[in-house]
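This report refers to the structure that appears directly beneath it.
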Amino acid sequence: MPELPEVETTLRGITPWLQGQVIESVVIRQPSLRWPIAQEIETLTGQTIRRLTRRAKYLLIETDIGTAIWHLGMSGSLRLVGEGEPFKKHDHVEWLLSNGKRLRYHDPRRFGALLWQGVDEVCAHLQHLGPEPLSEAFDADYLYQRSRGKSQAIKTFIMDGKVVVGVGNIYANESLFLAGIRPTVAAGKISRARYVRLVDHIKQVLAGAIEQGGTTLRDFVGGDGQPGYFAQQLYVYGRGGQACKQCASTLQEIRQGQRATVFCRRCQR
DNA sequence: ATGACAACCTGTGGGC
DNA sequence: TGCCCACAGGTTGTCA
């Protein structure tokens, strides 16, 4: 269920339970994810978890011998469980920690990945990524410059990880609505002033979702549940054919890059 | 170089 | 109730 806010929520949820712990054992029940799980993951047995960080939608778990890099794909989740908890269908990986907790990776569709990055290496997937959306490097000037000459639709443009990371389908739809920009407009034809609004809304909507994600942390870490989909006030996503919350006209639904796009013809131009 | 599209895989929900 | 189809939070790889 991961867009960036959920990956961040996951990171914050598991960090206190993982940091400083020794990985006592690694169980791989299903090695076939989007790519086969890296061989080196098994060698983590006996290693101490030094640090957890996030880059884009990747979770980085550092040890002295290298870094495990987890991507949750479309349907992946990480949760902590206690001893005796039976495996569920699609629980593919388990790490037993020295505090007795078990970190389990669950992913029905297996679009996720568990990659390896050696010390002093940079994983191929992390190279060429654009700036973090909540960083200062991501601002209107940057987007404006990057977009000049582009005929690509603004929605697919902001969902391109080489432009900016972490803007998934839900938040691309929502931020374009809030900025009043029609998702089909060519990125290169949008003014600097409108990019100011767009960047502002992307940051707000992601930051707000992370805050709300935080409210589900306790359940999540307690281990009996899914990360839980943060209750988010959605204006357009999943609301095609329904009334616009701002002007009551019917929301349009189209497809862009095989993804559902929903927008209001009246509020977004 | 750009951009459109298929692919990876399973589950779910709607229509008949 | 059951079957079939379309679609789902992401990313990569290929092809025109």
Side-chain angles (χ1 to χ4, degrees), chain A residues 1-11 29-37 54-59 69-79 87-93 105-115 123-130 132-133 146-176 183-189 202 205-206 208-210 212-213 216 220 226-242 253-262:
Chain A
M1 326 177 149
E3 282 224 20
L4 182 135
E6 285 172 307
V7 178
E8 180 66 26
T9 297
T10 296
L11 173 73
R29 306 176 75 234
Q30 167 58 278
S32 170
L33 303 182
R34 190 170 201 290
W35 293 281
I37 291 176
R54 177 187 62 73
R55 174 72 175 109
K57 293 170 190 161
Y58 297 90
L59 288 166
I69 300 182
W70 235 310
H71 194 291
L72 308 182
M74 292 273 258
S75 58
S77 60
L78 283 166
R79 72 187 197 286
F87 281 103
K88 293 197 228 174
K89 194 176 181 184
H90 306 305
D91 278 347
H92 304 313
V93 180
Y105 180 62
H106 183 263
D107 186 0
R109 292 178 74 178
R110 290 192 273 126
F111 284 3
L114 182 47
L115 309 166
C123 173
H125 294 88
L126 301 187
Q127 294 171 359
H128 320 298
L129 287 178
E132 288 290 323
R146 284 280 320 230
S147 64
R148 290 310 90 183
K150 295 264 181 195
S151 59
Q152 188 183 13
I154 184 60
K155 188 194 173 212
T156 54
F157 181 70
I158 59 172
M159 288 181 72
D160 180 349
K162 292 188 290 303
V163 174
V164 57
V165 301
V167 183
N169 198 34
I170 294 175
Y171 298 107
N173 278 295
E174 293 300 305
S175 51
L176 285 166
T184 50
V185 175
K189 293 198 326 195
I202 289 172
V205 87
L206 288 175
I210 289 170
Q212 296 197 44
T216 67
F220 163 53
Q226 306 292 329
Y229 201 36
F230 40 89
Q232 169 78 23
Q233 191 67 277
L234 298 172
Y235 283 94
V236 288
Y237 180 81
R239 300 194 62 243
Q242 300 180 42
E253 180 152 354
I254 61 172
R255 306 221 119 230
Q256 290 181 288
Q258 309 165 182
R259 313 298 296 276
T261 295
V262 185

Check for me: is F111(A) stacked on dC9(B) by the 5.5 Å centroid and 30° plane-angle rule?
no
Using atom NE2 of H128(A) as one end and atom P of dT12(C) as the other, report the distance to the nearest whole Å.
10 Å
Would the distance check show the side chain of E132(A) and the main-chain N or O of V165(A) forming a donor-acceptor pair, the cut-off being under 3.5 Å?
no
Just the rounded figure in Å: distance from P of dG10(C) to CG of L115(A).
17 Å
Can you identify which nucleotide, out of dC7(C), dG11(B), dG10(C), has its nearest atom closest to the H90(A) side chain?
dG11(B)
d(CD, Q256(A); C1', dA6(B)) in whole Å
18 Å
Quick check against the 3.5 Å criterion: does R54(A) have a side-chain atom that pairs as donor or acceptor with the backbone of A56(A)?
yes
Nearest-Å distance, NE2 (H106(A)) to C1' (dG11(B))?
11 Å
Under 4.0 Å, counting only non-hydrogen atoms across every strand here, what does A113(A) touch: a base, just sugar-phosphate, or nothing?
nothing
Residue list, side-chain contact (heavy atoms from CB on, under 4.5 Å) with Q242(A), at least two apart or on another chain:
R239(A)
Check whether any side-chain N or O of E3(A) sits under 3.5 Å from a backbone N or O of N169(A) as a donor-acceptor pair, and report yes or no.
yes
Which whole-number value in Å describes the distance from L129(A) CG to dT11(C) C1'?
11 Å
Is it true that D91(A) and R79(A) make a salt bridge, defined as a side-chain N closer than 4.0 Å to a carboxylate O?
yes
Is there a donor-acceptor contact under 3.5 Å from the side chain of Q256(A) to the main chain of P183(A)?
yes
Please classify the nucleic acid contact of K89(A) as base, sugar-phosphate, or nothing, using heavy-atom distances under 4.0 Å.
sugar-phosphate
Calculate the interatomic distance between H125(A) atom NE2 and dG10(C) atom P; express it in whole Å.
16 Å
Looking only at side-chain atoms of M159(A), point me to the closest of dG10(C), dT12(C), dA8(C).
dG10(C)
Using atom names, set out every protein N or O paired with an N or O of nucleotides 1-5 of chain B below 3.5 Å, distance rounded to 0.1 Å.
| residue | atom | partner | partner atom | Å |
| --- | --- | --- | --- | --- |
| dG3(B) | OP1 | S151(A) | N | 3.3 |
| dG3(B) | OP1 | S151(A) | OG | 3.0 |
| dG3(B) | OP1 | Q152(A) | N | 2.9 |

Rounding to the closest angstrom, what is the interatomic distance between dT11(C) and dA1(B) at atom P?
23 Å
Partner of dC9(B) under the Watson-Crick or G-U wobble criteria, both distances under 3.5 Å, comes out as none
With a 4.0 Å cut-off on heavy atoms, is R34(A) in touch with a base, just the backbone sugar-phosphate, or nothing at all?
base
Gap between atoms CG and P, on D107(A) and dT11(C) respectively (whole Å):
13 Å
Treating H92(A) as the side-chain partner and P108(A) as the backbone partner, does any N or O pair qualify as donor plus acceptor under 3.5 Å?
no
Expected output: side-chain E253(A) to main-chain A260(A) donor-acceptor under 3.5 Å
no
Rounding to a whole Å, what distance do you find between R109(A):CZ and dC7(C):P?
13 Å
What is the nucleic acid contact for Y58(A), judged by heavy atoms within less than 4.0 Å: base, sugar-phosphate only, or nothing?
sugar-phosphate
Is any side-chain nitrogen or oxygen of H71(A) closer than 4.0 Å to OP1 or OP2 of dT11(C)?
yes
